[in-house]
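Structure, as structure tokens:
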Amino acid sequence: MADYILALDQGTTSSRAILFNRQGQIIRIAQQEFTQIYPEAGWVEHDAEEIWTTQLNCAREAIAAAGISASDIAAIGITNQRETTVVWDRATGKPIHNAIVWQCRRTASICDTLKKEKFDRVIRKSTGLVTDAYFSGTKVAWLLDKVKGARKRAEAGELAFGTIDTWLIYRLTGGKSHVTDVSNASRTLLYNIRKERWDKTILERLQIPESILPTVKSSSEVYAETSPELFGAPIPIGGIAGDQQAALFGQACFKPGMMKNTYGTGCFLLMNTGEQATTSKTGLLTTIAWRTGGQTEYALEGSVFIAGAAIQWLRDGLQIIASAPETEALATAVSDNHGVYFVPAFVGLGAPYWDQDARGAITGLTRGVTRSHIARAALEAMAYQTRDVVECMQKDSGIKARELRVDGGATRNDFLCQFQADLLGIPVVRPVITETTALGAAYLAGLSVSFWKNEKEIASQWQVEKRFEPQMKRGERDRLYNGWLDAVSRVRSRK
Ligand code: ADP
């Protein structure tokens, strides 16, 4: 009997393969970094071939290191950096250009044009997204425009487009399968998330022929098997989800109102809104969380641009700390923030302010302020910004959140987790397995082959490592948060 699920976690800076057992525990991890290509200021590319080879190598390495064979693996689940765009030749399987990475700003001017035409309203209504260079649609349009002969070849049906999940599956199946799942499709800027089909009006406006697009499938079903020569025997591919949606699944946030926040360089917050695609009035994204068992579920998504990055800045820019973990001891060495607020608007402010010209500030400085207060303020800033987004989500969805499940590098900081619980007035829960992205992909794949029975079984398997209960009095919480709002108002470019 096959006792393992293999998750392929194709991220922005590295490819990883993680083997899970039936209890959802990690057996092996293999990881390889790959090249970041910066052809011009603000442009970011990856070599799609390198993504494929590093991903394949990791998978083989994890299998070999665990001393198992392909037949011991019940299914493969794939999760990926979202929105990154590859276009390749169907006949040769060769990309026509480097992959354009989600971070790449090269299509900002296309987005400006669309906004001038008010076409952003059409996009928002259909896709749930804002018109931004971040998403795949304008990247595909750019490739068809700029690569010689590409549009003609696309029209002749010779080219294929895919996000990274699609690209990997194409290669894993020797070119037999050209598919994606609803969660990835919902990040392309080309997919109507309510009707669940490619949007012809948007495709026409961007001059993207429909023949280039993958078939959209659910997030958990057997799409295909891997070519036998890759791992010695074919393995079913049974799960696909974009990284943030996979993390929501890996945190077992299966019910409306359940949410997770990932604290890394920035923060990514997702709230499950169930069968309801909630339109945001606060500027959040509406996205498909996943489709399993014929049922599509939606999520609201909000992000914080600068979270752990502010800690990095204390270390590398100001050089007042030696390492990120040191902030915990510094923060707890003082009894409070001493009135100091750090608004890390290094690249502007996101939800709910949407002010790209705002810049950062540290407010409330007096002679009594030490680096402890500054470190504390930087940690607290992650929590304040998260509360800003949670408030938006609650307003948009009409759902009151009951707890926040957390993961990501900065959640190793207990002070941060406790302060977050205090500030939200709800428990903050840190799971045993913090590799939630890979775990989510594994769960989706496992469900497709009955490795796990249902979401209920998965939810019972998901384990809490530590639960942080709110301890702060309401008055204190409000006083602190009002102080934050006041600090934010000082950095706004327009009020
Ligand atoms: P990413 O995936 O975005 O690279 P990670 O999940 O690896 O991020 O988390 C790294 C981020 O978390 C860094 O920005 C770092 O400053 C921050 N970080 C790591 N450990 C701690 C800690 N103990 N306390 C506070 N911040 C931390």
Side-chain angles (χ1 to χ4, degrees), residues 7 9-16 18 26 29 31-34 36 44 46 79-84 101-103 134 164 242-248 250-251 260-270 301-334 337 342 344 346-347 350 360 371-386 405-421 423 428 430-431 433-441 465-466 468:
D9 179 0
Q10 207 303 306
T12 308
T13 56
S14 71
S15 297
R16 301 177 345 129
I18 304 187
I26 294 174
I29 302 186
Q31 174 163 4
Q32 277 187 21
E33 294 197 359
F34 56 85
Q36 306 292 315
V44 192
H46 291 156
T79 180
N80 53 290
Q81 52 166 321
R82 300 179 301 175
E83 297 111 9
T84 296
V101 178
W102 57 274
Q103 299 154 323
Y134 200 89
I164 296 295
D243 53 11
Q244 296 308 323
Q245 287 98 326
L248 189 68
Q251 286 275 27
K260 72 92 196 173
N261 192 15
T262 303
Y263 298 75
T265 310
C267 286
F268 278 101
L269 251 139
L270 269 80
E301 175 172 326
S303 46
V304 168
F305 304 142
I306 303 290
I311 305 294
Q312 290 170 338
W313 179 73
L314 295 185
R315 188 192 59 198
D316 307 334
L318 279 192
Q319 302 183 2
I320 59 168
I321 57 169
S323 72
E326 198 192 320
T327 54
E328 184 166 351
L330 285 169
T332 49
V334 290
N337 69 3
F342 181 174
F346 296 166
V347 292
R371 71 188 178 113
S372 282
H373 297 112
I374 308 261
R376 182 169 176 135
L379 292 172
E380 290 188 357
M382 292 195 231
Y384 289 123
Q385 295 181 94
T386 295
R405 297 187 170 186
V406 301
D407 51 63
T411 57
R412 283 192 292 269
N413 192 310
D414 282 4
F415 169 82
L416 169 64
C417 295
Q418 183 58 51
F419 186 76
Q420 185 72 81
L423 196 67
V428 163
R430 193 168 63 193
I433 309 278
T434 53
E435 295 286 354
T436 55
T437 305
L439 183 60
E465 183 257 325
K466 194 162 175 183
F468 299 85

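Read the numbers this way: they start at 1 and go in the same order the structure lists the ligands and their atoms.
Applying the side-chain contact (heavy atoms from CB on, under 4.5 Å) criterion to T332, with sequence neighbours excluded, gives F415.
Listed by atom number, the atoms of ligand 1 under 4.0 Å from L379 heavy atoms are 25 (C). Close approach of ligand 1 to G408 (heavy-atom distance below 4.0 Å) involves ligand atoms 6 (O).
Regarding atom 13 (C) of ligand 1, its nearest protein heavy-atom neighbour is Q312 NE2, 3.5 Å. Here the protein heavy atom with the shortest distance to atom 21 (C) of ligand 1 is A324 CB, 3.7 Å. The single protein non-hydrogen atom nearest to atom 12 (O) of ligand 1 is A410 N, 3.6 Å, given as residue, atom name and distance. Protein heavy atom closest to atom 8 (O) of ligand 1, with residue, atom name and distance, is G264 CA, 3.4 Å. Here the heavy atom of the protein found nearest to atom 16 (O) of ligand 1 is G308 O, 3.0 Å. With hydrogens left out, the protein atom closest to atom 3 (O) of ligand 1 is T265 OG1, 2.6 Å, a heavy atom. Among all non-hydrogen protein atoms, the one lying nearest atom 25 (C) of ligand 1 is N413 ND2, 3.6 Å.
Scanning P325, G409, S14, C267 for the heavy atom closest to atom 7 (O) of ligand 1 points to G409.
Test R16, Q81, H46 against Q10 for side chain to side chain donor-acceptor pair (under 3.5 Å) and you get one pass: Q81.
Counting heavy atoms closer than 4.0 Å to ligand 1, residue T327 contributes side-chain atoms (C-beta onward) but none from N, CA, C or O. With a 4.0 Å cut-off on non-hydrogen atoms, T262 does not touch ligand 1 at all. By the criterion of a heavy-atom distance under 4.0 Å, the backbone of A309, and not its side chain, is placed next to ligand 1.
Between M382 and ligand 1, no pair of N/O atoms sits closer than 3.5 Å.
Listed for the R315 side chain is no donor-acceptor partner under 3.5 Å among the backbone atoms of A322. Under a 3.5 Å cut-off, the side chain of R376 and the backbone N or O of L330 do not form any donor-acceptor pair. Listed for the T437 side chain is no donor-acceptor partner under 3.5 Å among the backbone atoms of A247.
Interatomic distance, S14 OG to Q32 CD, rounded to the nearest 0.5 Å: 9.5 Å.
At a cut-off of 3.5 Å, with distance as the only test, a side-chain donor of D407 or T262 sits close to an acceptor on the other residue. When only modelled atom types and interatomic distance are considered, Q103 and Y134 share no side-chain donor-acceptor pair under 3.5 Å.
A salt bridge links E301 with R82: the distance from a Lys NZ or Arg NE/NH1/NH2 to an Asp or Glu carboxylate oxygen falls below 4.0 Å.
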